[in-house]
Visitor: 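Got a structure for you, written out below as structure tokens; questions coming shortly.
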Amino acid sequence: MQPQIVLLKEGTENAQGKQQVISNINACSAIVDAVRTTLGPRGMDKLIVNNQGKATISNDGATIMKLLDVVHPAAKTLVDIAKSQDAEVGDGTTSVVILAGEFLKQCKPFVEEGVHPRIIIKSFRKATALALAKIEEISVKIDKNNPTEYRNLLEKCAATSMSSKLIHQQKDYFSKMVVDAVMMLNEATLPLNMIGIKKVTGGALEDTELVPGVAFKKTFSYAGFEMQSKNFKDPRIALLNIELELKAEKDNAEVRLENVEEYQKVVDAEWNILYDKLDKITNSGAKVVLSKLPIGDVATQYFADRGMFCAGRVPEEDMNRTLKSCGGAIQSTVHDLDDSTLGSCATFEEKCVGGERFNYFYGCPKSQSCTIILRGGAEQFMEETERSLHDAIMIVRRAMKNDSVVAGGGAIDMELSKYLRNYSRTIAGKEQLIIGAMAKAFEVIARQLCDNAGFDATNILNKLRQKHAGDGLWYGVDVLNEDIADNFVACVWEPAIVKANAITAASEATCLLLSVDETVKNPRSGQGEQQMGGGMPGGMGRGRGRPM
């Protein structure tokens with residue numbers, strides 16, 4: 001009798017072969033079911049409570065996937081593609097997860113029947129390349145030379161992105177605001193962090209305003225702040241990174257003094273250092289002083305007496321936006337404050353928004369940044385609005401950078417489905433079946449839109465197949481009238497790159513999961529936990545590893 005060979009540590013789980021691939025596919029289907037119902041204008045929202053008890057209500061695929069604490073190693077791939085779609089394009093996160101899940105579901109029968117995964121992967125790669133080429137071919141290019149039409153198109157893209165979110169009632173109002181916001185940015189780079197979104201509880205959603213310039217919450221202030229004037233025309237703005245308060249001497253410094261006069265000199269010197277700084281700032285002609293570090297009460301009072309405004313402890317991102325809008329430079333010394341290092345704006349004022357006070361800078365010369373002040377009833381509601389606006393802003397940026405659009409609402413997916421199905425009939429061998437299966441998988445977007453709205457999916461899909469088999473290139477689901485419609489005419493548009501990115505990511509995830517045929521899960525070692533606990537018996541280690 002041969003001795004048994006023990007290769008892996010006791011308690012190691014390993015599964016391999018066909019069963020493993022199928023179990024991975026089932027795990028992914030379970031994840032897809034979690035976000036499936038959030039797709040489209042009639043999608044439902046999810047409420048997720050984390051371990052600290054914080055509730056998040058969201059419709060955004062990527063947010064939901066991040067908050068689900070997924071432990072299955074294969075299913076984590078779907079979480080990753082949702083994140084990558086969110087980072088790259090911003091919208092279409094739910095679609096990408098649903099597509100990947102459907103691709104896997106269509107592969108499952110082939111795997112069960114013993115088709116080698118490599119053959120499936122090869123066919124999928126081929127079909128993906130064909131689908132991307134088709135999108136490129138039929139997408140509609142934007143005419144950038146006609147500003148009104150161009151703007152109109154960007155608004156349509158933003159509105160389509162918002163139609164599936166909580167704020168779809170106000171999408172006309174918000175889509176204009178989002179396009180305005182993106183248009184203010186630097187055209188070459190369109191940096192996202194130059195659009196600040198500030199949330200203020202209270203008021204209605206319609207009270208949300210776009211500030212062409214910078215606005216930030218009034219910072220922590222000392223006595224004397226209320227005496228400062230809060231309104232300036234054409235002020236110069238000093239941006240500092242200095243503390244303007246009396247510095248306490250180091251605790252361990254030792255100064256031996258003989259008499260009281262010498263002590264007085266030390267105190268005077270401290271005050272003079274501070275007053276010297278304040279005089280230099282005043283003489284530079286600055287009227288508004290912003291600093292990342294605290295500005296003390298003496299300085300606040302000093303500025304108030306001279307009719308200047310100051311704010312200390314300004315958050316870094318607000319400082320950077322002010323810098324980009326008003327010009328100037330952030331100084332860490334007061335010695336070279338001159339016209340080149342001071343910023344300027346047309347008007348500065350402080351206003352109340354709800355219960356908060358905000359500092360506004362209007363009419364900035366280099367204005368390449370803006371601030372959206374969101375209003376709304378509940379905290380969760382405003383967070384969801386912020387996520388929705390983020391998606392819309394990303395979509396508008398994408399549409400400006402890549403100037404081609406396709407029709408949404410399942411139209412492009414049905415067209416690709418038809419194209420791949422027709423193509424599969426022209427080739428022989430197993431590839432034909434697999435490309436046919438992928439073609440069927442594309443119908444999932446249209447079917448899910450119908451299911452979420454409570455329509456008869458079979459009926460509507462039949463109508464769509466009939467239209468697409470003819471010349472109805474852009475026909476998709478019309479959610480409002482429970483029918484099909486030409487979505488290009490109905491202005492349900494999205495940038496072509498959103499779809500292209502979703503298909504690439506979904507297909508890559510599918511190929512990745514199909515090529516895995518064995519999972520080895522090492523047991524949690526018992527020794528590792530003891531080492532973590534400081535290595536002392538009973539985890540009683542003293543801090544910093546000092547000897548007992």
Visitor: Quiz question: by atom type and distance under 3.5 Å, do the side chains of Asn152 and Lys156 form a donor-acceptor pair?
Guide: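 Yes - a donor-acceptor pair under 3.5 Å links their side chains.
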Visitor: Who pairs with Val200 by side chain to side chain contact (heavy atoms under 4.5 Å, CB included), at least two apart in sequence or on another chain?
Guide: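 Listed in chain order: Val353, Glu356, Phe358, Ile373, Arg375.
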Visitor: Taking atom types as modelled and ignoring hydrogens, do the side chains of Asp297 and Gln301 form a donor-acceptor contact shorter than 3.5 angstrom?
Guide: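 The criterion, which ignores hydrogens and geometry beyond distance, is not satisfied for Gln301 and Asp297.
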Visitor: Would you say Ser84 and Asp86 are linked by a side-chain donor-acceptor pair, where the criterion is simply a distance under 3.5 Å?
Guide: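 Ser84 and Asp86 do not have a side-chain donor-acceptor pair below 3.5 Å.
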Visitor: So, Ser344 and Asp234: side-chain donor and acceptor under 3.5 Å apart, yes or no?
Guide: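 No, no side-chain donor-acceptor pair sits under 3.5 Å.
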Visitor: Between Asn145 and Tyr150, is there a side-chain heavy-atom distance shorter than 4.5 Å?
Guide: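 The answer is no; the side chains never approach within 4.5 Å.
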Visitor: So does Asp336 get a backbone contact from the side chain of Thr341, meaning a donor-acceptor N/O pair under 3.5 Å?
Guide: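 It does hold such a pair.
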Visitor: Can any side-chain N or O of Asn259 pair as donor or acceptor with the backbone N or O of Glu262 at less than 3.5 Å?
Guide: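 Yes, because the side chain of Asn259 sits within donor-acceptor range (under 3.5 Å) of the backbone of Glu262.
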Visitor: Hey, are Lys287 and Ser229 close enough side-chain-wise for a donor-acceptor pair under 3.5 Å?
Guide: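 Per modelled atom types, Ser229 and Lys287 side chains form no pair under 3.5 Å.
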Visitor: Check whether any side-chain heavy atom of Thr371 lies under 4.5 Å from a side-chain heavy atom of Lys198, and answer yes or no.
Guide: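 A side-chain contact under 4.5 Å exists here.
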Visitor: With sequence neighbours left out, write down each residue that passes side chain to side chain contact (heavy atoms under 4.5 Å, CB included) with Ala286, or none if nothing qualifies.
Guide: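 In terms of side chain to side chain contact (heavy atoms under 4.5 Å, CB included), with neighbours along the sequence ignored, Ala286 is linked to Ala238, Ser284, Leu342.
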Visitor: Side chains of Ser58 and Asp60: any donor to acceptor distance under 3.5 Å?
Guide: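 Their side chains do not contain a donor-acceptor pair, so the 3.5 Å distance test is not met.
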Visitor: Closer than 3.5 angstrom, by distance alone: can the side chain of Arg397 be matched with the main-chain N or O of Leu190 as a donor-acceptor pair?
Guide: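 Yes.
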Visitor: Can you give me the closest heavy-atom contact between Ile330 and Leu323, atom names plus distance?
Guide: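 Result for this residue pair: N-CD1, 4.0 Å.
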Visitor: Do Ser175 and Glu155 have side-chain atoms, one donor and one acceptor, less than 3.5 Å apart?
Guide: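 Their side chains do not contain a donor-acceptor pair, so the 3.5 Å distance test is not met.
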Visitor: Can you see whether Tyr360 has Lys351 sitting over its ring - NZ or CZ less than 6.0 Å from the centre and within 45° of the normal?
Guide: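 That pair qualifies as a cation-pi contact.
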Visitor: Any side-chain donor-acceptor pair under 3.5 Å between Glu384 and Asn59?
Guide: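 The answer is no; no qualifying pair exists.
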Visitor: Taking atom types as modelled and ignoring hydrogens, do the side chains of Tyr302 and Asp279 form a donor-acceptor contact shorter than 3.5 angstrom?
Guide: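 Present: a donor and an acceptor within the cut-off.
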Visitor: Is there a donor-acceptor pair closer than 3.5 Å between any side-chain N or O of Ser291 and the backbone N or O of Ile242?
Guide: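 Judged by distance alone, yes, a pair lies under 3.5 Å.
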Visitor: Flag the pair Phe309 / Phe303 as yes when their ring centroid distance falls below 6.0 Å, and as no otherwise.
Guide: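 No: the rings miss the under 6.0 Å criterion.
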